[in-house]
Structure formats: C-alpha cells, structure tokens
Asker: 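Can you keep this structure in mind? I'll have questions shortly.
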Amino acid sequence: MSKPGIIVHGGCGRIDESTIEERQAGVKQAAEAGWAILSQGGSAIDAVEAAVVVLEDLPLFNAGRGSVLNREGRVETDAAIMNGATLAAGAIAGVTGILNPIRLARRVMDASPHVMLIGDGAELFARSQGFVRCDPRELIVERRQEEWEREHGTVGAVACDQAGRLAAATSTGGIANKLPGRVGDSPLIGCGTYADARVAVSCTGDGERIIRMTLARLAAFLHEQGGSAQQATDQALGQLEAQLGGEAGLILIDASGNAAFAKSSHRMPVCAISETGVILQC
Ligand code: ASP
C-alpha cells in the first residue's frame, strides 16, 4: 500500500544565512500546496506542479521570478516535469517571458507531441496555448550583483500519490553569469529530473557535472538494484562526488512513499510532508 508524500527542495549551495528562515518557510509553503492535493486523493503530477509554482512565485528562489541573470543581464529559465506513471515528460529551456515555466513544461507534456521546446519556439508554443507573455524584466528581482553570483535556489518537488503514482518537477534560472543559451541539468530528463513507476527524483547543484552523471537516472538505477530510497540517494551523490566533484543535492521518493534527500553542499532547504508529519531542514 502506498503512502502519499511529497518532498520539496529550494536548491543547494551557498545562501545568505539571513534568508534561511524565509527559505524554509518557502519550501514548507510549497510542500503544503502539494500535500493539499495529495491528501484529497489528487495526482502526484498535479502536486509537484503546484509545489513548484509556489516557489517560482517567491522571489527568493532561483526559478520563475527571482531567477539569476546570465552574462547579458537577462533571465533564461529552464524547467521539466515527468509523470512516472506514464513516463510522459515535458521540458522547456532558455525561455524569457513566462512567469511560471513549470506550467509551460506541463503543457509541452500534455499538449504537444514533443518532450522539450526551447527559446523562441517554446514561447511561440506558449502563445498558441494561451499563456500570457510577460515582460522579461518582470522576472528580474533587484539584488546586488554579488548576491547573484553567490546564491543558488533552483527548486524541485517529487511526490507519491495515494495510488502510488510518482512525479518529479524542477525549475530554475540556471547558474548566474551563464552564457546566453546555456542549458543546465534541470530540464534534461534523467539528469536533473526523472520519474518512473519506482522512483521520482529532482536534482540541484552544478549542472555541468550533474548532466554528465545523469544523476537522477543514476539514483533511479541504484534504487532498481535494490537500494532503499536513502541508499540510492546517498550512493548517487557519492558517485558524483567521487568522479566529478562539485556541489549537488537531490530529493527522491519511491512508490511506497519513502522520501530521501542528500546534499554535498552546506545548505539545501528541504521540506517533506506525509501522513506521519512534516520534516523541515536547511
Ligand atoms: N542545477 C542548476 C543548473 O545547473 C543550478 C542549481 O541547481 O542551482 O542549472
């Protein structure tokens, strides 16, 4: 019997320590939004989308409004969502004028024959689907330049619903000062985001390294090989550290509702909610 649950992350890496409480409140608010859906018998895919939308709307996190700037001082967002029950997935990358990139990724999954759309093509599709394009400057939040360079805050959520269906979602502005056109791990299925019938995974951290480890799929594979949720999560991160180094973190949930997370960075705000209660860490 599956136990429903959701776990949400707010990105790994260095953060301004004075923002910890606010970040914890943010991941908790997001997990509660997902849990409200799961506890009423809603689907894991709706729960992860709702959780990520909450964090995209909070300017403190590097997703949607509040995303980091690229070298030209512009925001380019990446996002992906995957339904473990059907292996359907949708992703967008390099999108500049959409307030909630995860909603667009969901629409790519539900209403297009493709898995991923980028840049102008993604924005054209958004318009055809009735999304309102925002002024790209609306995504930019006033912060000092050194904060952009220091801070992370990619967001992600994984959930298991009452029927044991799993889903994963990740949304980010990427890394600060990236070259225009750079795409990280978050929207790449199997790298920063993955879900199947057994596990759902969302990653954060050094995208250039996470991509080369296909970290989310590695964690799923280690779980398939018999590891528990926590063992698969720890071992995947261990392999990344041993082979490529860098800072990363990931959250995982399995079809029994066991949630796990691991990080190699000092901080990663996380909130997990299930019938047994709330776990909040940073
Ligand atoms: N993984 C994201 C990227 O490389 C960044 C992050 O998680 O902070 O785009």
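Atoms within each ligand, like the ligands themselves, are counted from 1 in listed order.
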Asker: Taking only heavy atoms of T154, which atoms of ligand 1 are found under 4.0 Å from at least one of them?
Answerer: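 Listed by number with element, the hits are 2 (C), 5 (C), 6 (C), 7 (O), 8 (O).
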Asker: Considering only distance and modelled atom types, tabulate donor-acceptor pairs under 3.5 Å from the side chains of residues 180-192, sequence neighbours left out.
Answerer:
| from | atom 1 | to | atom 2 | distance (Å) |
| --- | --- | --- | --- | --- |
| R182 | NE | E208 | OE2 | 2.9 |
| R182 | NH2 | E208 | OE1 | 2.7 |
| R182 | NH2 | E208 | OE2 | 3.4 |

Asker: Run the salt-bridge test on R198 and D196 with the 4.0 Å N-O cut-off and return the result as yes or no.
Answerer: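 No, this pair does not count.
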Asker: What residues form a side-chain hydrogen bond (donor to acceptor under 3.5 Å, both in side chains) with E123, not counting sequence neighbours?
Answerer: T96, R133
Asker: For R182, is the nearest heavy atom under 4.0 Å from an atom of ligand 1?
Answerer: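 Right, R182 reaches ligand 1.
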Asker: Give the atom numbers and elements of ligand 1 that come within less than 4.0 Å of a heavy atom of T204.
Answerer: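 Counting atoms of ligand 1 from 1, those under 4.0 Å from T204 are 6 (C), 7 (O), 8 (O).
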Asker: Does the distance from a Lys or Arg side-chain N to an Asp or Glu carboxylate O, for R106 and D46, drop under 4.0 Å?
Answerer: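 Result for this pair is yes, salt bridge flagged.
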Asker: Could you tell me whether E21 and K28 have a side-chain N and a carboxylate O separated by less than 4.0 Å?
Answerer: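 Salt bridge between E21 and K28, a charged N being under 4.0 Å from a carboxylate O: no.
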Asker: Show me which atoms of ligand 1 lie under 4.0 Å from any heavy atom of D185.
Answerer: 1 (N), 2 (C), 3 (C), 4 (O)
Asker: Below the 3.5 angstrom mark, is there an N/O of E208, backbone or side chain, next to an N/O of ligand 1?
Answerer: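 E208 vs ligand 1: no N/O contact under 3.5 Å.
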Asker: Evaluate G207 for polar contact with ligand 1, using N/O atom pairs at a separation under 3.5 Å.
Answerer: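 Yes; at least one N/O pair falls below 3.5 Å.
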Asker: Measuring from the heavy atoms of G205, does anything fall under 4.0 Å of ligand 1?
Answerer: yes
Asker: Answer yes or no: are there more than 12 heavy-atom neighbours, outside D120 itself, under 6.0 Å from its atom CG?
Answerer: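 12 or below, so no.
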